[in-house]
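Throughout, a chain's letter reflects where its sequence line sits, starting with A, and its residues are numbered from 1. Since this is a predicted model, take the numbers as computed values, not measurements.
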Amino acid sequence: MSTTPMLTPEQVKRYSRHIIMPQIGSRGQRKLMDSKVLIIGAGGLGGPVALYLALAGVGTLGIVDFDTVDLSNLQRQVLHNSETVGWPKVKSAEATLKRYNRDVKVVAHEFPITSENAMDLIKGYDIVVNGADNFATRYLVNDAAYLSGKPLVDGSILIFDGQLTTYIPGKGCYRCLFPEPPPPGMVPNCAEAGVLGALTGVMGSLQATEVVKVILGIGEPLVGRLLLVDALAMEFRVVKTRRNPNCPLCGDHPTVKELIDYEVFCGLVPAPNGESMVAAH
Amino acid sequence: MSVTVRIPGPLRRFTNGMEKVQAQEGNLAKLIADLDSQYPGMKERLLDDQGAMRYFVNVYLNGEDVRFLQGLDTAIKTGDEVSIVPAVAGG
């Protein structure tokens, strides 16, 4: 049951293009206004996700990012602009989103998400969106969302390629898709290899679409499917993903029951006991 | 030479920028060896030093993850489509 009171006349007008659709209606709109979405990263993907969810009237948008706006972000990151260079990204994001829709509560989490704070952070939200820019954070967010029982809409980009899938706890996770991270330096990041600015808009908008579908319980979210976007060929393809029964997190006999040290897992720092955690499973 | 292999953006530097290449049928191990002979460096991207499939690069046969088929022994025949999908972390 929606706890949001009846829509005001202004809200009816603002959201009329959503409300008129039978799949959403005023009940669906109030559901969106009741929901709380946590977005990891206020960058290329997090930007369009936050923007479209704010426009859609999602009640609470939490945004986690410890970074500040850099001039090199402005080729793609729609939440930020020339005037906000040097600002904390979450503050720049908040200012932008508030201009679009004052109904939306923006919670600026200006710190890195870590194994220590992730569970507490996610607890207050209904759904998590991954727009992180590194593998360690991606595995951390995956594990924390699964252990918290929250859906995770996961997108990633590099050069002209994008990937998107939605994880519902119990139906597979990021570790089922990619059991181990690449060793440091083996897969370049966007700073090293580049990324097409408009592609971040495509992928982030698709993530926002998935979030709306999951909140409303409509359509077929990308569960058990991985969408591959090739912007150069302009091809969208889907491959199957599965829950791996041997997955250390969500498999039949899990060994990962709480958050671990993801920098060690990703080989960024050595394990305290000198063993490689990557080789350990 | 009649299996189509889709090459992801990050690996196209090995294939002269080509997004689709052809390789020999047989099984996945044979296909990877053939790919590497045509485009040196591909094998190292797909297999580790022990010759096992890397955990951060997936191979799909007609949309199915070969890890859930027979891995490197998965039979591949003319007309099949193989996709290589590496983990990427950009956001």
Within the supplied structure, the quantity of interest is the number of heavy atoms (other residues, nucleotides, ligands) at a distance under 6.0 Å from [X] [atom1]; does it exceed 12?
| X | atom1 | value |
| --- | --- | --- |
| B/Q70 | CD | yes |
| A/Y125 | OH | yes |
| A/K150 | NZ | yes |

- Query: What residue, out of B/R6, B/E64, B/R67, has the most heavy-atom pairs lying under 4.5 Å from chain A?
  - Reply: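 Most heavy-atom pairs within the cutoff with chain A belong to B/R6.
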
- Task: Count the heavy-atom pairs under 4.5 Å between each of B/N58, B/V57, B/N62 and chain A, then report the option with the highest count.
- Result: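 Between B/N58, B/V57, B/N62, the count favours B/N58.
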
Among [options], which residue forms the greatest number of heavy-atom pairs with chain B at distances under 4.5 Å?
| options | result |
| --- | --- |
| A/N189, A/I159, A/D230, A/N130 | A/D230 |
| A/Q77, A/R76, A/R138, A/E235 | A/R138 |
| A/A132, A/P182, A/C190 | A/P182 |

- By side chain to side chain donor-acceptor pair (under 3.5 Å) - contacts of B/D36 (at least two apart):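 Applying side chain to side chain donor-acceptor pair (under 3.5 Å) to B/D36 gives none.
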
Where on [X] is there a heavy atom nearer than 4.5 Å to chain B: the side chain, the backbone, both, or neither?
| X | answer |
| --- | --- |
| A/I157 | both |
| A/L177 | both |
| A/V195 | neither |
| A/A193 | neither |
| A/N134 | backbone |
| A/F160 | neither |
| A/N244 | both |
| A/R225 | neither |
| A/M186 | both |

- Distance-only side-chain donor-acceptor flag, B/N27 / B/D73, under 3.5 Å: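 No, because no side-chain N or O of B/N27 sits under 3.5 Å from a partner of the opposite role on B/D73.
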
- Query: Among side-chain atoms of B/Q22 and B/T4, is any donor-acceptor pair under 3.5 angstrom?
  - Reply: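 B/Q22 vs B/T4: donor-acceptor pair found between side chains.
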
- Quick check, are the ring centers of A/Y167 and A/Y146 under 6.0 angstrom apart?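 Aromatic pair excluded; centres sit 6.0 Å or further apart.
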
- According to the side chain to side chain donor-acceptor pair (under 3.5 Å) rule, which pairs have a member within residues 191-208 of chain A, sequence neighbours left out?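 Listed by first then second residue: nothing to list.
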
- For residues B/T78 and B/V3, determine if any side-chain heavy atom of one lies less than 4.5 Å from a side-chain heavy atom of the other.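 Side-chain contact under 4.5 Å: no.
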
- Which atoms of B/R12 come close to chain A, meaning under 4.5 Å heavy atom to heavy atom: side chain ones, backbone ones, both, or neither?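 Contact with chain A is through the side chain of B/R12 alone.
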
- Kindly confirm or rule out a cation-pi arrangement of A/R243 over B/F68, judged by NZ or CZ under 6.0 Å from the six-membered ring centre and within 45° of its axis?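 Judged by the rule (NZ or CZ under 6.0 Å from the ring centre, within 45° of its axis), A/R243 is not positioned above B/F68.
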
